[in-house]
Every structure is written in structure tokens, then in C-alpha cells.
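The structure under discussion appears below in the form of C-alpha cells.
None of these values were measured; they are calculated from a predicted model.
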Amino acid sequence: MEGEEFAVGCFLSIKTTLGDEFEGQIISFDRLSNILVLQEGLESGPRRNIRLLKANYIKEFSLLRQDEDPLDVKKCFLDLTSLQAREDSAIRQAEADSERFGVGVTSEAQTLFDALSKTLPVRWDKTVIVVMNEVRVSSPYFPESVSGGTPAANERVRKVLEFERKRMQTRGTSQ
């Protein structure tokens with residue numbers, strides 16, 4: 001299983017030591033890690049299954065035919081604009097998700113933050129929960145710890161905190 005047998009573009013029929021049988025085209029072979037990157041199936045198209053296979057898991061293989069480079073830019077179906085948009089979206093989502101976790105706060109504080117976030121826009125400002133960009137809830141995160149904002153907004157946050165603390169207390173005694 002050396003050299004030319006694993007040349008990019010080769011179509012192989014492969015049986016693995018785990019009992020899998022499939023056909024695919026070699027997209028890449030990394031000698032250092034001994035890993036083959038294969039495009040499954042004999043036809044290319046806009047949708048492709050890619051399989052990474054450690055070469056020592058190959059029980060038998062046969063060369064079906066040699067073909068051109070499967071990643072030839074002129075024949076490649078990658079929509080780079082779409083991929084870039086998906087990556088940007090995933091990064092924005094990951095950043096948004098990471099901002100929802102308080103740093104240096106107790107699990108109780110995080111639970112209260114999560115409860116507030118179900119119905120109100122919230123964010124962390126270090127260890128202070130900021131609700132609707134105006135109401136602030138400081139440690140120890142009791143209704144008395146609420147400050148700022150309009151009286152109505154302030155009261156709403158207090159009510160949610162009271163309700164959530166009662167739920168947490170009930171859960172704590174029932175366990």
C-alpha cells in the first residue's frame with residue numbers, strides 16, 4: 001500500500017478490517033498520519049460524502065481506475081460565498097452564546113440569569129446582570145439587589161427573581 005496505489009484521483013474498491021465495503025476516489029493521502037481522504041461513490045456532483053480512513057484499517061483494495069484530480073478548481077462545486085456566510089454566522093452565534101455565560105459568578109447567579117433571559121433581554125457586565133440595558137442586579141442577586149431603570153422595569157425584574165428563587169428553593173428541598 002505504498003506510493004502510486006494512493007495517488008490522488010485513483011478510484012478504489014475498499015474492504016476495511018471492520019467489515020465495511022465501499023468505493024471511492026482518493027482526494028488526499030497524508031503519509032505522516034497514514035490517513036486517506038476519500039470521496040465515496042463513483043460519481044461526483046454538488047453533494048459528496050467524504051470519508052477519512054486510516055490506511056492500516058484497509059484489509060483489501062483494488063484499483064478501479066485512475067482519474068483526474070477530484071479537487072480541480074475548474075470542476076469544484078464549492079460555493080465559497082455560502083461557506084463564508086455559514087462560517088460568519090457560526091462565529092457570531094458562538095460569540096453570542098459565550099456572552100450568556102457569566103465569568104466568576106456562582107451557578108445560582110447563572111441560573112437566575114438564564115431565567116431572566118427567557119423573557120427579558122439580559123447581558124453580563126462583569127458579575128452584574130444587566131436587564132433591558134437599564135436595570136442592574138448585583139450579587140447576591142436577591143430582589144433587594146435590583147437597582148436602576150424605570151420603576152415598572154425594576155418591579156418586573158424583582159418579580160422574576162422572587163419567582164425563580166422560590167423555584168430554586170423548592171427544587172433544593174425536593175432533592
Side-chain angles (χ1 to χ4, degrees), residues 1-133 137 141 164 167-168 171 175:
M1 287 189 264
E2 293 290 323
E4 287 305 305
E5 287 114 20
F6 289 153
V8 169
C10 286
F11 279 91
L12 303 176
S13 176
I14 296 175
K15 290 182 183 176
T16 70
T17 57
L18 302 173
D20 289 344
E21 293 184 32
F22 65 95
E23 295 175 341
Q25 184 180 24
I26 297 175
I27 294 175
S28 180
F29 175 61
D30 180 55
R31 288 184 194 280
L32 198 59
S33 64
N34 203 27
I35 291 179
L36 275 169
V37 180
L38 299 145
Q39 174 183 297
E40 286 190 76
L42 298 177
E43 300 298 319
S44 62
R47 288 250 187 240
R48 302 175 185 189
N49 269 348
I50 303 296
R51 183 183 287 222
L52 293 137
L53 178 66
K54 195 110 168 128
N56 24 329
Y57 284 100
I58 297 174
K59 183 177 181 180
E60 331 174 354
F61 73 96
S62 58
L63 178 66
L64 300 175
R65 71 177 189 269
Q66 174 67 40
D67 208 349
E68 329 175 329
D69 182 351
L71 297 178
D72 183 352
V73 178
K74 296 174 199 96
K75 296 179 182 175
C76 198
F77 293 101
L78 291 178
D79 179 357
L80 295 178
T81 305
S82 172
L83 288 174
Q84 184 65 49
R86 284 178 58 193
E87 178 186 28
D88 292 345
S89 174
I91 289 170
R92 279 192 307 276
Q93 186 62 48
E95 288 169 346
D97 290 347
S98 72
E99 289 174 4
R100 301 186 52 72
F101 295 101
V103 177
V105 299
T106 63
S107 61
E108 180 181 86
Q110 187 64 52
T111 300
L112 292 169
F113 177 94
D114 293 342
L116 285 164
S117 73
K118 289 178 184 175
T119 57
L120 300 166
V122 294
R123 64 179 172 81
W124 285 103
D125 180 13
K126 295 185 176 101
T127 59
V128 176
I129 301 171
V130 180
V131 186
M132 298 178 289
N133 283 330
V137 185
Y141 311 102
E164 191 56 32
R167 277 187 49 197
M168 288 167 55
R171 272 191 242 136
Q175 291 178 359

Task: Partner set under side-chain hydrogen bond (donor to acceptor under 3.5 Å, both in side chains) for Arg86, not counting sequence neighbours - done: none
With distance as the sole test, does [X] use its side chain to make a donor-acceptor pair with the main-chain N or O of [Y] at under 3.5 Å?
{"X": "Thr111", "Y": "Ser107", "result": "yes"}
{"X": "Gln110", "Y": "Arg100", "result": "yes"}
{"X": "Gln25", "Y": "Phe11", "result": "no"}

Open item on the list: Considering only residues two or more places apart or on different chains, which pairs with a residue in residues 112-124 satisfy salt bridge (charged side-chain N to carboxylate O under 4.0 Å, His left out)?
Closed with: none
What residues form a side-chain contact (heavy atoms from CB on, under 4.5 Å) with [X], not counting sequence neighbours?
{"X": "Ala115", "value": "Glu164"}
{"X": "Gln84", "value": "Glu87, Asp88"}
{"X": "Ser33", "value": "Asp30, Ile35"}

Atom [atom1] in [X], atom [atom2] in [Y]: separation rounded to 0.5 Å?
{"X": "Leu63", "Y": "Leu12", "atom1": "CG", "atom2": "CG", "result": "6.0 Å"}
{"X": "Lys15", "Y": "Glu60", "atom1": "NZ", "atom2": "CD", "result": "4.5 Å"}
{"X": "Asp125", "Y": "Asn133", "atom1": "CG", "atom2": "CG", "result": "10.5 Å"}
{"X": "Ile91", "Y": "Ser89", "atom1": "CD1", "atom2": "OG", "result": "9.5 Å"}
{"X": "Arg65", "Y": "Cys10", "atom1": "CZ", "atom2": "SG", "result": "10.5 Å"}
{"X": "Leu52", "Y": "Leu36", "atom1": "CG", "atom2": "CG", "result": "9.0 Å"}

TODO: Please report the shortest heavy-atom distance between Gln66 and Val8, naming the atom on each side.
DONE: NE2-O, 3.4 Å
Open item on the list: Testing the basics here: between Val105 and Ala109, what is the closest heavy-atom pair and its distance to 0.1 Å?
Closed with: CB-CB, 3.9 Å
Side chain to side chain, [X] and [Y], heavy atoms closer than 4.5 Å:
{"X": "Glu23", "Y": "Leu64", "value": "yes"}
{"X": "Thr16", "Y": "Phe22", "value": "yes"}
{"X": "Val103", "Y": "Thr127", "value": "no"}
{"X": "Ile58", "Y": "Leu53", "value": "yes"}
{"X": "Arg51", "Y": "Asp20", "value": "yes"}
{"X": "Asn56", "Y": "Asn34", "value": "yes"}
{"X": "Glu40", "Y": "Ile50", "value": "no"}

Open item on the list: Ring-plane angle category for Trp124 and Tyr141, please: parallel below 30°, perpendicular beyond 60°, tilted otherwise.
Closed with: perpendicular
TODO: Sequence neighbours left out, what pairs pass ring pair (Phe, Tyr, Trp, His ring centres under 6.0 Å) with at least one residue falling in residues 91-111?
DONE: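 For residues 91-111, and leaving out neighbouring residues, there are no ring pair (Phe, Tyr, Trp, His ring centres under 6.0 Å) pairs at all.
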